[in-house]
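Structure, as structure tokens:
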Amino acid sequence: MSLNVDYNGTNVKFDKSNVINTLDVIDCYDSNVEVLGYDTAGNEYSAVGMISCDELVEIDEDSVWPVEGESFGVA
């Protein structure tokens with residue numbers, strides 16, 4: 001399952017397959033994770049999300065941030 005989040009007018013798609021770090025194990029079913037997401041131009045974003053029963057169920061919209069070094073269309 002993937003989740004879409006609006007970041008400053010840009011649609012960013014986050015997917016469970018892009019979880020890069022477990023931040024906090026809440027119980028045997030739930031964890032807070034760091035996950036990467038991508039917009040339609042291929043720019044990369046990082047956010048904090050929640051995994052529950054092995055599914056990405058939530059993205060903290062306030063934590064969405066462009067990954068350092070992305071050009072965002074600047075030549």
Side-chain angles (χ1 to χ4, degrees):
M1 177 178 167
S2 62
L3 298 174
N4 293 316
V5 174
D6 180 69
Y7 174 76
N8 292 336
T10 301
N11 185 30
V12 181
K13 182 177 180 178
F14 292 92
D15 189 87
K16 179 188 168 275
S17 65
N18 294 324
V19 170
I20 59 172
N21 192 16
T22 299
L23 303 172
D24 183 32
V25 176
I26 298 167
D27 57 32
C28 62
Y29 300 107
D30 304 319
S31 299
N32 290 322
V33 295
E34 181 180 7
V35 61
L36 296 177
Y38 300 89
D39 63 19
T40 55
N43 296 310
E44 190 173 58
Y45 299 79
S46 176
V48 173
M50 176 174 249
I51 296 280
S52 182
C53 297
D54 205 33
E55 292 290 331
L56 184 62
V57 296
E58 184 179 343
I59 296 292
D60 177 0
E61 293 186 21
D62 292 334
S63 73
V64 177
W65 200 254
V67 172
E68 195 172 320
E70 290 291 323
S71 63
F72 294 93
V74 177

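Everything numeric here is computed off the predicted structure, so don't read it as measured data. Just so it is clear, the values below take in all heavy atoms, side chains as well, and ignore hydrogens, waters and symmetry mates.
Here Thr40 pairs with nothing under the side-chain hydrogen bond (donor to acceptor under 3.5 Å, both in side chains) rule; sequence neighbours left out. Residues passing the side-chain hydrogen bond (donor to acceptor under 3.5 Å, both in side chains) test with Asp15 are Ser17, sequence neighbours excluded. Taking the ring-ring contact (aromatic ring centres under 6.0 Å, His included) definition, one finds that Tyr38 meets it with nothing, sequence neighbours left out. Judged as a side chain to side chain contact (heavy atoms under 4.5 Å, CB included), and not counting sequence neighbours, Asn8 has no contacts.
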Identify all side-chain donor-acceptor contacts of residues 54-66 below 3.5 Å with residues at least two apart in sequence or on another chain.
residue	atom	partner	partner atom	Å
Asp54	OD1	Lys16	NZ	3.4
Asp60	OD1	Asp62	N	3.1
Ser63	OG	Val48	N	2.8
Ser63	OG	Asp60	O	2.7

Identify all side-chain donor-acceptor contacts of residues 18-29 below 3.5 Å with residues at least two apart in sequence or on another chain.
residue	atom	partner	partner atom	Å
Asp27	OD1	Tyr29	N	2.8
Asp27	OD1	Asp30	N	2.8

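Nearest heavy-atom pair across Met50 and Val33 is N-CG2, 4.5 Å.
Counting heavy atoms from C-beta outward, Tyr45 and Thr10 have side chains that approach closer than 4.5 Å.
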